[in-house]
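Scroll down for the structure; my scribbles are underneath it.
The chain is numbered in sequence order, starting from 1.
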Amino acid sequence: MDSGTEISRRRGRLASWAALLAVAALAACGTDPASTAAAAPSAPASAAERTPPPPPSTGKPGKPGKTRQSGKAGESGEAGGRAAAPSASPDEAAPPAPDERIPRDPAKLAKALETTTRRLHDAIDDWTGDGGTAKGGPPRAVVLQALYQQRIYRFTARNPGVASRAFARLPARLAAEARDNTTAIRGLLELAHPVKDASKFRIEEPPAASALLRHFKKAERRFGVEWEVLASVMFAETKFGRVRSPSYVGAKGPMQFMPGTWKAYGMGGDIHDPGDAVMAAANYLHASGAPRDYRRALYAYNHSRAYVDAILLHARQIKRDPRNYYAYYNWQVFVITTKGERRISGP
């Protein structure tokens, strides 16, 4: 671990490049678990903290059936008996453009979110073989539907009045998911600090979703830390490895470790290797209290209750429907700059 002086100096500071992402981590892993226990308050400081989100659910209910419909080919629809072209059903419409407009009207916003989520899940089912493991890179339909879903949630995070009216129109299951995602994003947005130059971020394509899933589950088997929590940490820290820049205080790798912490928990691995980084994160979280106390362990990883809440909320959604893992995997990197928000990855 880092020396006591370094730990004291770095505790509580925003320590990763992901601190500047709108839905990313706000500090790097680099705090001694023992000192974390002493630093954590014995009672919540606010009403919001007195009612934190419950820990990730263990239930994995069955997925709702697809609702696709196909036009009937061969029907006579023009003079002379020429066969009319099959008509595309609403669910087979072209995916949204990267800059598709977000509705401001609550009813239209609810409809857009419901339709987008349904189409995204259908596209993920096609990609994974209806519940299996994804093979190859994500299809364009998944990428575009996920981006539009992400942009909707970023809008609802900034517009709580419209969001609450829209969510009231959604089916109960989707409404719960929408509230979780919006709450997680809103909490991290409040902690983000604008930057002048987004070009400082080095962005690369992430490792394959299937490869990352194997790393998460391998680490879960060894340390008992749920794979959904590990996935949510990497999602928050670097958008599954898309952000490759070190933090301004030196945190590195897809799980954003300080060098001293890596030396203690990295088990001799490569800080930039996704498998080694996930295993080290599971090692660190286990040493900090997981799986017995995820809130304590995650607070050791990042001294922000908004961060802890966001990780548990996203993990809960992955547990409720594993397709959400693939949806989050396709959410892109947004940076808040002094001139406004900018997306720096994706289509």
Side-chain angles (χ1 to χ4, degrees), residues 22-23 44 46-67 91 102-125 128 131 142 145-190 226-233 235-236 291 294-295 298 305-331:
V23 193
S46 69
E49 291 164 350
R50 287 196 292 273
T51 56
S57 148
T58 57
K60 294 184 179 180
K63 297 179 295 185
K66 296 182 182 180
T67 58
D91 281 347
I102 305 297
R104 267 54 178 174
D105 174 75
K108 293 179 179 178
L109 181 63
K111 181 62 175 177
L113 179 57
E114 185 174 6
T115 300
T116 299
T117 300
R118 182 176 65 251
R119 291 176 179 172
L120 173 58
H121 284 177
D122 283 347
I124 289 171
D125 284 341
T128 62
V142 173
Q145 296 290 1
L147 175 58
Y148 193 49
Q149 181 194 58
Q150 180 187 15
R151 291 178 57 234
I152 289 174
Y153 282 134
R154 294 176 69 80
F155 173 79
T156 60
R158 290 187 170 94
N159 297 273
V162 175
S164 63
R165 294 193 294 275
F167 296 165
R169 299 169 179 268
L170 295 173
R173 184 182 177 87
L174 180 55
E177 177 179 321
R179 292 187 183 99
D180 277 2
N181 283 325
T182 298
T183 299
I185 294 171
R186 183 180 297 138
L188 294 177
L189 279 172
E190 291 173 355
E226 294 168 331
W227 78 262
E228 296 91 343
V229 172
L230 294 169
S232 296
V233 170
F235 169 53
Y294 278 112
R295 296 194 68 82
L298 289 166
R305 286 190 174 81
Y307 175 89
V308 173
D309 289 348
I311 298 301
L312 294 178
L313 288 167
H314 287 314
R316 182 166 68 183
Q317 288 310 314
I318 298 173
K319 280 176 165 285
R320 285 180 172 175
D321 189 334
R323 288 176 296 189
N324 287 326
Y325 163 66
Y326 293 105
Y328 292 151
Y329 174 83
N330 286 281
W331 282 20

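- Between E114 and P171 the shortest side-chain heavy-atom distance falls below 4.5 Å.
- Every residue two or more places apart in sequence or in another chain was checked for a side-chain hydrogen bond (donor to acceptor under 3.5 Å, both in side chains) with Q145, and none qualifies.
- Within the 4.5 Å cutoff, no side-chain heavy atoms of L109 are placed close to those of F167.
- Atom CD1 of I152 sits about 4.0 Å away from atom OG1 of T116, to the nearest 0.5 Å.
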Sequence neighbours excluded and cut-off under 3.5 Å, please list the side-chain donor-acceptor pairs for residues 181-189, or say none.
{"from": "N181", "atom 1": "OD1", "to": "H314", "atom 2": "ND1", "distance (Å)": "3.4"}
{"from": "N181", "atom 1": "OD1", "to": "Y328", "atom 2": "OH", "distance (Å)": "2.6"}
{"from": "N181", "atom 1": "ND2", "to": "E177", "atom 2": "O", "distance (Å)": "3.4"}
{"from": "T182", "atom 1": "OG1", "to": "T156", "atom 2": "OG1", "distance (Å)": "2.8"}
{"from": "T182", "atom 1": "OG1", "to": "A178", "atom 2": "O", "distance (Å)": "2.8"}
{"from": "T183", "atom 1": "OG1", "to": "R179", "atom 2": "O", "distance (Å)": "2.8"}
{"from": "R186", "atom 1": "NE", "to": "A157", "atom 2": "O", "distance (Å)": "3.0"}
{"from": "R186", "atom 1": "NH2", "to": "T156", "atom 2": "O", "distance (Å)": "3.3"}

Apply side-chain contact (heavy atoms from CB on, under 4.5 Å) to the pair F235 and I311, showing each step before the final yes or no.
-> CA-CA 9 Å; F235 169 53; I311 298 301; over 6 Å; no

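- Residues that satisfy the ring-ring contact (aromatic ring centres under 6.0 Å, His included) test with Y329, not counting sequence neighbours, are F240.
- Put simply, the side chain of H121 reaches to within 4.5 Å of the side chain of T117, judged on heavy atoms.
- Each of R119, R118, R323 was checked for a salt bridge (charged side-chain N to carboxylate O under 4.0 Å, His left out) with D125, and the lone residue meeting it is R323.
- Atom CZ of R316 and atom CG of N324 lie 12.0 Å apart (nearest 0.5 Å).
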Are V229 and Y294 close enough, and set up right, to give a side-chain contact (heavy atoms from CB on, under 4.5 Å), and what steps lead you there?
-> CA-CA 9 Å; V229 172; Y294 278 112; 3.9 Å; yes

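- K111 pairs by the side-chain contact (heavy atoms from CB on, under 4.5 Å) definition with T115, not counting sequence neighbours.
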Please report, to 0.1 Å, the donor-acceptor pairs under 3.5 Å made by any side chain of residues 159-166, with sequence neighbours excluded.
{"from": "N159", "atom 1": "ND2", "to": "F155", "atom 2": "O", "distance (Å)": "2.8"}
{"from": "S164", "atom 1": "OG", "to": "P160", "atom 2": "O", "distance (Å)": "3.3"}
{"from": "S164", "atom 1": "OG", "to": "G161", "atom 2": "O", "distance (Å)": "2.9"}
{"from": "R165", "atom 1": "NH1", "to": "G161", "atom 2": "O", "distance (Å)": "3.4"}

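- Under the side-chain contact (heavy atoms from CB on, under 4.5 Å) criterion, A146 pairs with L120, N330, W331, sequence neighbours left out.
- For A176, the side-chain contact (heavy atoms from CB on, under 4.5 Å) partners two or more places apart in sequence, or in a different chain, are R320.
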